[in-house]
J.: 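Okay, handing you the structure first.
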Amino acid sequence: MTRDCSRLKFIAAFFFFSWRAFLERLGIRYDIAEIANAYYREAFARIPAADKAVILPHCLIGNPCKARFSKEDGVLCLRCKNCRCGEISLLCEARGWQFYISPSSGFTKRLVQRKGIRAAVGGACAFEIEKGIRSTPITIQGVRLKKNKVIPQVVLAARYDCLENDIDWEGLKGIILAGQAADR
Ligand code: SF4
């Protein structure tokens, strides 16, 4: 696919996302995360490792979870193996990436600015993605957060459930391993 074609597909996917229920009734389905990830992939890989982060939503943490919460850094994962967040935290450390578990989208936006994050892999449900599209400028150069521009990669959460959720963990690991062109 040419760059122009990929850009057009990307713009159309975001423009029509809030109409997806109507489109599905017409038999038109598409995966917005897959389209956005493909579009941003090369730009994401070019960002240096130290400026990259995985930011997971707190709905993915295990139950029980003994991690403390820090106002500065979110949920401080102990890598206890009661959920797969610990494994992702370890993988990020090995790659020199930052890793956070965030309690809310507002916290995530402030975190990105405080930590100087330029590229982020996030997990989000369709509801949060739609909310993000309405409230945050998503451009062909990245997601704009005040003065910062962040290149995203997204893994869609299994459902809209703020307490117990799931994502494609292998897919998430694949994105981390693929996004390391500038890591060395
Ligand atoms: S691995 Fe981390 S986030 Fe998951 S339950 Fe353990 S301390 Fe909590």
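Every number for a ligand or one of its atoms is a count from 1 in the order of the listing. These values consider heavy atoms only, across backbone and side chains, with no hydrogens, waters or symmetry-generated copies.
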J.: Is the backbone N or O of Cys59 less than 3.5 Å from a side-chain atom of Asp161, with the two atoms forming a donor-acceptor pair by type?
T.: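 Answer holds: no.
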
J.: Leaving waters out, which protein N, O or S atoms fall under 2.8 Å from atom 8 (Fe) of ligand 1?
T.: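 Near atom 8 (Fe) of ligand 1, below 2.8 Å, one finds Cys65 SG.
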
J.: For the residue pair Ala126 and Leu156, what are the closest heavy atoms and their distance?
T.: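 Minimum heavy-atom separation between Ala126 and Leu156: N-CD1, 4.0 Å.
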
J.: Honestly curious: do Phe69 and Leu111 fall in one hydrophobic cluster under the side-chain, below-4.5 Å linking rule?
T.: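 They do share one cluster, since a chain of ILVMFWY contacts under 4.5 Å joins Phe69 to Leu111.
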
J.: Is there a donor in the side chain of Thr139 and an acceptor in the side chain of Lys149, or the other way round, less than 3.5 Å apart?
T.: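 Not at all, the side chains of Thr139 and Lys149 share no donor-acceptor pair under 3.5 Å.
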
J.: Decide if atom CD of Gln113 counts as having more than 12 heavy atoms of other residues, nucleotides or ligands within a radius under 6.0 Å.
T.: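 Result for CD/Gln113: enclosed.
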
J.: Only one of Asn148, Asp51, Ile55 clears side chain to side chain contact (heavy atoms under 4.5 Å, CB included) with Ile117; which?
T.: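 That would be Ile55; it is the only one of Asn148, Asp51, Ile55 passing the side chain to side chain contact (heavy atoms under 4.5 Å, CB included) with Ile117.
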
